[in-house]
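Shown next, in structure tokens, is the structure this report addresses.
Residue numbers count from 1 along this sequence.
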Amino acid sequence: MIIDEQLLLQQLRDPKTQRRAFENVVRQYSEQLYWQVRRIVLTHDDANDVLQNAFIKAWQALDNFHGDAKLLTWLSRIAINESLDFMRRQKNLTLVSTDDADLGVADRLMADDYFDGDETQAQLQEAIASLPDVQRTVFQLRYFDEMKYSEISRLLDTSEGALKASYHIAVKKITEFFHSRD
């Protein structure tokens, strides 16, 4: 079901219709945001948790959204930031706890009941996970979501030139990752 964004924004601003409108927002954008988050945090359960937190933050910040950007862009920014925060917390936990530290990303994905890829896809995710946060995010938005650099620029508040450089470097590192495995 496609929602008229202008009508939705009016409903989100009206206290009488705000809750129902936000339910529509969640229904409309959950799947797309889930996959953006999932490609960053990798596992289904973590993606669900992060997405739920992102929607909570969006609900709490609803009065601050003025419609300067598209609703999906605003929600994506929240979801991506929440995903990156989650990954930073995970890195800090991994430094403290070694329970999963000896399992690589590919091994964890292959053990995830919700992962439906093959070994090569799991290794690609491991290569992507090895990238710095910004390069990983730019690569995922460009490669998987097929976003234009202009859209990513608005989403991440970064110049298109810097994004192109980050993407190029990410592709080079991923290629090197696979060549080192030969």
Side-chain angles (χ1 to χ4, degrees), residues 5 28-51 53-55 57-58 61 65 67-95 100 103-110 112 114-182:
E5 187 160 322
Q28 177 74 20
Y29 299 115
S30 282
E31 185 174 353
Q32 188 171 356
L33 292 171
Y34 168 84
W35 286 108
Q36 284 181 344
V37 169
R38 174 83 186 261
R39 284 190 280 276
I40 296 171
V41 303
L42 299 178
T43 66
H44 171 73
D45 291 337
D46 290 341
N48 276 340
D49 291 345
V50 169
L51 183 59
N53 290 341
F55 277 125
K57 283 195 174 182
F65 179 68
D68 300 336
K70 288 185 178 245
L71 189 56
L72 180 59
T73 302
W74 181 69
L75 292 169
S76 291
R77 177 178 252 169
I78 293 170
I80 289 168
N81 285 336
E82 197 63 25
S83 300
L84 294 174
D85 287 346
F86 173 84
M87 293 304 290
R88 285 185 205 103
R89 286 191 303 273
Q90 290 301 106
K91 281 182 187 173
N92 290 338
L93 286 176
T94 302
L95 293 175
D100 287 337
L103 278 181
V105 170
D107 293 330
R108 282 189 306 216
L109 281 173
M110 294 305 285
D112 184 348
Y114 294 97
F115 181 70
D116 61 357
D118 61 14
E119 181 68 27
T120 303
Q121 289 168 318
Q123 287 180 357
L124 173 60
Q125 290 302 325
E126 185 164 334
I128 293 168
S130 72
L131 297 171
D133 291 343
V134 172
Q135 287 175 11
R136 181 174 59 243
T137 303
V138 171
F139 180 82
Q140 290 167 330
L141 292 172
R142 182 81 177 122
Y143 183 80
F144 292 112
D145 295 335
E146 298 178 352
M147 279 191 182
K148 296 178 181 172
Y149 287 112
S150 58
E151 292 176 78
I152 301 171
S153 175
R154 283 191 298 277
L155 185 65
L156 300 180
D157 198 27
T158 306
S159 74
E160 288 184 40
L163 294 171
K164 289 176 183 178
S166 289
Y167 182 77
H168 176 74
I169 293 167
V171 168
K172 187 175 180 180
K173 287 180 179 178
I174 290 169
T175 303
E176 289 170 0
F177 175 90
F178 279 100
H179 285 307
S180 72
R181 301 232 164 191
D182 288 341

Evaluate the side-chain proximity of [Y] to [X]: yes if any heavy-atom separation is below 4.5 Å, no if none is.
X	Y	value
K173	P132	yes
L71	Y29	yes
Q135	I169	yes

What are the two closest non-hydrogen atoms of [X] and [Y], and how far apart are they?
X	Y	result
V134	S166	CG1-OG, 4.2 Å
L131	A170	CD1-CB, 3.8 Å
L156	T158	O-OG1, 3.1 Å
A54	A79	CB-CA, 3.8 Å
A61	W74	O-CZ2, 3.8 Å
Q36	L141	NE2-CD2, 4.0 Å

Quick check for you: to the nearest 0.5 Å, what is the distance between [X] atom [atom1] and [Y] atom [atom2]?
X	Y	atom1	atom2	answer
N53	N81	CG	CG	13.0 Å
D145	E151	CG	CD	9.5 Å
M87	D133	CE	CG	7.5 Å
R136	S83	CZ	OG	9.5 Å
I128	Q123	CD1	CD	12.0 Å
T73	I152	OG1	CD1	11.5 Å

Could you tell me whether a side-chain N or O of [X] sits under 3.5 Å from a main-chain N or O of [Y], the two making a donor and an acceptor?
X	Y	value
R142	E146	no
Q140	R39	yes
S153	Y149	no

**Message:** Please check if the number of heavy atoms outside F65 that lie under 6.0 Å from its CZ is greater than 12.
**Reply:** yes

**Message:** Run Y34 and N48 through side chain to side chain contact (heavy atoms under 4.5 Å, CB included) and show every step you take.
**Reply:** CA-CA 7 Å; Y34 168 84; N48 276 340; 3.6 Å; yes

**Item:** side chain to side chain contact (heavy atoms under 4.5 Å, CB included) assessment of L33 paired with F55
**Value:** CA-CA 10 Å; L33 292 171; F55 277 125; 3.7 Å; yes

**Request:** Output, in order, the C-alpha distance, side-chain angles, deciding distance and verdict of side chain to side chain contact (heavy atoms under 4.5 Å, CB included) for R89 and F86.
**Result:** CA-CA 5 Å; R89 286 191 303 273; F86 173 84; 3.8 Å; yes

**Item:** Parallel, tilted or perpendicular: ring planes of F139 versus F144, cut at 30 and 60 degrees
**Value:** perpendicular

